[in-house]
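What follows is one structure encoded as structure tokens, with my remarks underneath.
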Amino acid sequence: MIHKFQSVKGTKDLLPTETPRWRELEETVHKFISRWGYLEIRTPAFEPTELFVRSSGEGSDIVTKQMYTFEDQSQTSITLKPELTAPVIRAYIQHNLAKQGGTTKLYYIDSLYRQERPQAGRLRQFHQFGVEAIGSSNPEQDAEVIALAYLILLDLGIEDLELYLNSIGSVETRKRYRKILSGYFLEHEHQLSNVSRERLHKNPLRILDTKDKKEQTLLSNAPKIYDYLTQDDQDHYEAVKHHLTELEIPFIQHDLLVRGLDYYTRTTFEITSSKLGAQNALCGGGRYDNLVESLGGPPTPAIGFAAGIERILMAQKDTRTGEDKPDRIYVVCATENARDFVLKLTMDLRKQGLPVEFDALRRSLKAQMRDANRLKCTFAVIIGEKELDSETIQLKNLTTSEQKTVQLGTLITYLTKELKL
RNA sequence: GUGGGCGUAGCUCAGCUGGUUAGAGCACCUGGUUGUGGCCCAGGAGGCCGUGGGUUCAAGUCCCAUCGCUCACCCCA
């Protein structure tokens with residue numbers, strides 16, 4: 001028995017039943033984001049492993065356990081991209097996009113790869129769209145990016161959006177806060193769950209994310225990062241909130257929101273939908289003012305977000321777009337000796353831009369008619385011996401069941417006039 | 001990596017406490033029309049019941065293992 005292949009765990013085929021929804025989403029993304037002045041960028045599927053280690057952080061989960069890493073034939077360590085900010089910034093530096101002046105505003109729609117255990121809303125190959133606005137450190141830029149994320153999700157028809165906002169300050173602030181926080185939790189270590197106790201040493205900030213109800217009171221008394229922000233950080237944060245309020249973008253301050261990647265500074269945000277399962281984040285993003293420099297570029301502030309396409313598709317209310325297909329034509333072969341002519345006529349009609357089907361299975365007339373019906377064709381062009389002899393065709397309207405004889409010479413003019421295409 | 005649930009026809013599923021040739025709906029094919037679809041009627045094809053082992057006179061059904069899918073933890077989009 002021959003072994004049947006299956007798609008690799010955590011990967012999915014998009015069948016013709018679902019590709020229309022993907023296309024529709026992608027078109028919306030292209031249109032919406034370009035209107036805001038962002039330009040599309042496409043980066044390679046893989047990058048030097050070191051790029052992700054340097055940007056995401058050596059201790060981050062992505063780097064320690066989620067990357068698809070391999071050595072190519074020249075023993076270079078290669079990694080399938082697990083996130084998109086680093087490759088975009090790499091390209092930005094490599095091609096010196098800054099030289100164009102102003103801010104550099106880029107967007108992408110792309111595939112990512114992370115080796116995690118799949119579950120609802122989480123795959124090993126998945127898709128995101130996102131933007132990176134590179135060059136401005138000002139709060140208006142934060143507001144623009146956050147507004148873009150929020151409004152595009154609204155436009156995509158997602159209900160129950162919740163936007164969570166936080167500021168985690170500079171890298172130094174975070175280091176200082178981290179120390180204070182672990183001090184606090186160390187004092188109360190006996191009240192911590194096993195998971196949290198582990199995090200205490202790896203990354204105490206993550207304890208703030210806990211879902212353990214028993215720890216909630218402990219958390220509410222924990223030192224808040226806001227109190228450790230510098231005056232500049234606070235001013236920036238306040239300005240971002242002010243802008244969002246002005247723009248009528250509703251947000252929820254969430255001082256426990258910390259992100260998994262090391263490169264974030266100041267603003268972080270996340271948008272969730274209650275329509276999703278446990279993996280309820282549709283979109284995550286934040287400011288990363290040190291990344292460009294740490295990847296070898298000039299000191300350059302930047303902010304961006306990435307949104308998960310699979311999750312958006314899950315959260316969308318099922319707006320089955322019954323996009324009206326153009327009227328299709330089925331050229332039916334009624335007798336064997338008409339076969340050659342059927343193929344030729346099919347091609348002639350297609351050359352006129354008409355959407356035309358024919359039967360390559362040599363099925364019976366009846367079967368062809370059934371097929372035409374199954375394919376929701378609006379016209380059947382029937383050709384048999386009689387028609388060959390008289391240079392006519394039978395034209396049957398499959399909606400009204402009317403049938404008439406049409407001169408072959410006038411068929412194309414007739415069809416192009418009759419059909420809404 | 002850890003835990004729960006589930007694997008029966010192309011799809012959605014039924015199959016009670018183990019007992020004859022394993023079922024339904026939808027989809028598919030043929031016929032009812034010597035050259036005509038949709039509805040209807042008649043018929044048909046399609047299953048090593050995920051895989052391997054065990055218990056038993058007898059296993060889709062019980063036990064063990066294994067693989068796969070799925071949900072959750074971890075983490076994140």
Side-chain angles (χ1 to χ4, degrees), chain A residues 1 3-10 12 15 17 56 59-66 82-85 109-130 149 153 193-196 198-199 202-203 206 209-212 257-261 270-273 276-285 304-315 330 332-338 359 361 363-388 393-403:
Chain A
M1 171 114 154
H3 173 255
K4 272 200 230 161
F5 287 103
Q6 248 190 313
S7 56
V8 171
K9 184 201 283 288
K12 261 180 89 176
L15 301 179
T17 45
S56 300
S60 66
D61 275 44
I62 287 187
V63 171
T64 54
K65 44 188 198 196
Q66 298 173 357
E83 61 109 18
L84 288 160
T85 301
I109 301 179
D110 212 338
S111 268
L112 322 204
Y113 311 85
R114 290 186 201 168
Q115 194 161 173
E116 301 176 83
R117 191 80 151 233
Q119 73 184 74
R122 188 164 71 195
L123 291 169
R124 291 184 169 183
Q125 178 182 4
F126 61 104
H127 299 80
Q128 293 183 339
F129 65 81
L153 291 174
S193 64
N194 291 339
V195 187
S196 292
E198 234 172 83
R199 286 163 162 172
K202 261 174 48 189
N203 186 354
R206 297 238 65 94
D209 265 355
T210 191
K211 283 163 190 160
D212 190 326
L257 179 69
V258 287
R259 320 229 79 245
L261 303 173
E270 187 168 298
I271 301 175
T272 63
S273 165
L276 264 40
Q279 306 304 319
N280 65 350
L282 286 169
C283 168
F305 75 79
I309 294 180
E310 283 85 354
R311 290 185 188 177
I312 290 172
L313 259 12
M314 282 194 287
Y330 199 111
V332 175
C333 181
T335 54
E336 287 204 15
N337 57 354
D359 176 57
L361 291 173
R363 284 176 291 187
S364 67
L365 172 63
K366 186 184 183 131
Q368 290 177 67
M369 290 301 288
R370 193 165 37 232
D371 201 34
N373 189 64
R374 185 178 65 84
L375 295 171
K376 298 188 170 51
C377 293
T378 38
F379 282 97
V381 172
I382 303 162
I383 299 161
E385 195 155 11
K386 278 184 266 174
E387 287 74 26
L388 287 180
I393 58 96
Q394 292 299 312
L395 183 66
K396 180 163 189 175
N397 182 321
L398 295 175
T399 332
T400 63
S401 297
E402 286 171 307
Q403 181 168 330

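All values below come from the heavy atoms of this structure, side chains included, with hydrogens, waters and symmetry mates left out. Throughout, protein chains are lettered first and strands after them, A, B, ... in sequence-line order, and every chain is numbered starting at 1.
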When all nucleic acid strands are considered with a 4.0 Å heavy-atom cut-off, which category describes Leu282(A): base, sugar-phosphate, or nothing?
sugar-phosphate
Between G50(B) and G68(B), how many Å separate the two P atoms, rounded to a whole number?
16 Å
Does a nitrogen or oxygen in the side chain of Lys9(A) sit under 4.0 Å from OP1 or OP2 of C69(B)?
yes
Does the side chain of Glu385(A) reach to within under 4.5 Å of the side chain of Asn337(A), using non-hydrogen atoms?
yes
Quick check: do Leu398(A) and Met369(A) have side-chain heavy atoms less than 4.5 Å from each other?
yes
Side chain to side chain, Glu83(A) and Gln128(A), heavy atoms closer than 4.5 Å
no
I'd like to check Asn373(A) versus Tyr330(A) (side-chain heavy atoms, cut-off strictly below 4.5 Å). Are they in contact?
no
Base G50(B) paired with Gln6(A) side chain (donor-acceptor, <3.5 Å):
no
Find the partner of G52(B): check Watson-Crick (N1-N3 plus N6-O4 or O6-N4) and G-U wobble (N1-O2, O6-N3) distances, both under 3.5 Å, and reply none if neither fits.
C64(B)
Taking only the side-chain heavy atoms of Gln119(A) (C-beta and beyond), determine which of C71(B), A77(B), G35(B) contains the nearest atom.
C71(B)
Please determine, for U21(B), whether a Watson-Crick or G-U wobble partner exists with both distances under 3.5 Å, and give it or none.
none
Nearest-Å distance, CZ (Arg370(A)) to P (C40(B))?
14 Å
To the nearest Å, how far apart are Arg363(A) CZ and U30(B) P?
8 Å
Would you mind reading off the distance between Asp61(A) atom CG and A77(B) atom C1', rounded to a whole angstrom?
14 Å
Distance below 4.0 Å between Gln279(A) side-chain N/O and A72(B) OP1 or OP2
no
Would you indicate which nucleotide in G35(B), A77(B), G38(B) comes nearest to any side-chain atom of Arg114(A)?
A77(B)
Name the nucleic acid region contacted by Leu84(A), choosing base, sugar-phosphate or nothing; use a 4.0 angstrom heavy-atom cut-off, strictly under.
nothing
Between the base of C76(B) and the side chain of Arg311(A), is one N or O donor paired with an acceptor at under 3.5 angstrom?
yes
Separation of atom CG in Asp359(A) from atom C1' in G35(B), rounded to whole Å
15 Å
Listed nucleotide nearest any side-chain atom of Arg117(A), set G37(B), U2(B), A77(B)
U2(B)
Distance, C1' atom - from G25(B) to A14(B), rounded to whole angstrom
11 Å
Counter-base of C26(B), judged by Watson-Crick or G-U geometry with both distances under 3.5 Å:
G10(B)
Can G38(B) be described as syn, meaning its chi torsion is within 90° of 0, or is it anti?
syn
What distance, rounded to whole Å, do you find between the two C1' atoms, one in C29(B) and one in U70(B)?
34 Å
How far apart are the closest heavy atoms of Ser111(A) and Gln125(A), and which atoms are they?
OG-NE2, 2.9 Å
Given the C1' atoms of A72(B) and C28(B), what is the spacing between them in whole Å?
39 Å
Could you tell me whether the side chain of His127(A) reaches within less than 4.5 Å of the side chain of Ile109(A), counting heavy atoms only?
no
Could you check how far CG of Asn373(A) sits from C1' of C28(B), rounded to whole Å?
15 Å
Given C28(B), G38(B), G35(B), which nucleotide is nearest the side-chain atoms of Arg374(A)?
C28(B)
Distance between P atoms of G23(B) and G32(B) (Å, rounded):
29 Å
Does Gln66(A) place a side-chain N or O at less than 4.0 Å from the phosphate oxygens OP1/OP2 of C76(B)?
no
Do any side-chain nitrogens or oxygens of Arg122(A) fall under 4.0 Å of OP1 or OP2 in A72(B)?
no
Any heavy-atom pair between the side chains of Pro118(A) and Arg124(A) that's under 4.5 Å?
yes
For Ile312(A) and C76(B), give me the distance from atom CD1 to atom P, rounded to whole Å.
19 Å
Is the shortest side-chain heavy-atom distance between Ile271(A) and Phe305(A) below 4.5 Å?
no
Any side-chain heavy atom of Phe126(A) sitting closer than 4.5 Å to one from Arg114(A)?
yes
Checking N1-N3 plus N6-O4 or O6-N4 for Watson-Crick, or N1-O2 and O6-N3 for wobble, each under 3.5 Å, the partner of A77(B) is none
Taking the nucleotide of RNA chain B with the closest heavy atom to each, which residue, Glu310(A) or Met369(A), is nearer the 5' end?
Met369(A)
What about Lys366(A), does its side chain sit under 3.5 Å from the base of G31(B) through a donor-acceptor pair?
no
Atom C1', compared across A24(B) and A9(B): separation rounded to whole Å
11 Å
If you measure from the P atom in U51(B) to the same atom in G10(B), how many Å do you get, rounded?
13 Å
Could you identify the nucleotide paired to U2(B), looking across every strand shown and requiring Watson-Crick or G-U wobble geometry with both distances under 3.5 Å?
A72(B)
Tell me the partner of G46(B), counting only Watson-Crick (N1-N3 plus N6-O4 or O6-N4) or G-U wobble (N1-O2 and O6-N3) with both under 3.5 Å; none if nothing fits.
none
How is Ala120(A) classified with respect to the nucleic acid when contacts are heavy atoms under 4.0 Å: base, sugar-phosphate, or nothing?
sugar-phosphate
Among the nucleotides U30(B), A77(B), G35(B), whichever has the atom closest to the side chain of Gln394(A) is G35(B)
Base, sugar-phosphate, or nothing for Gly130(A), non-hydrogen atoms under 4.0 angstrom?
nothing
I want to confirm an ordering. Mapping Gln403(A) and Ser364(A) to their closest nucleotides on RNA chain B, which one lands closer to the 5' end?
Ser364(A)
Distance check needed: U30(B) P versus Leu361(A) CG, whole Å only.
10 Å
What is the separation between atom CG on Leu388(A) and atom P on G35(B), rounded to the nearest whole Å?
15 Å
Considering only atom P, compute the distance from G44(B) to C6(B) and round it to an integer number of Å.
36 Å
Measure from the side chain of Glu387(A), starting at C-beta and using heavy atoms only, and say which of A77(B), C29(B), G35(B) lies closest.
G35(B)
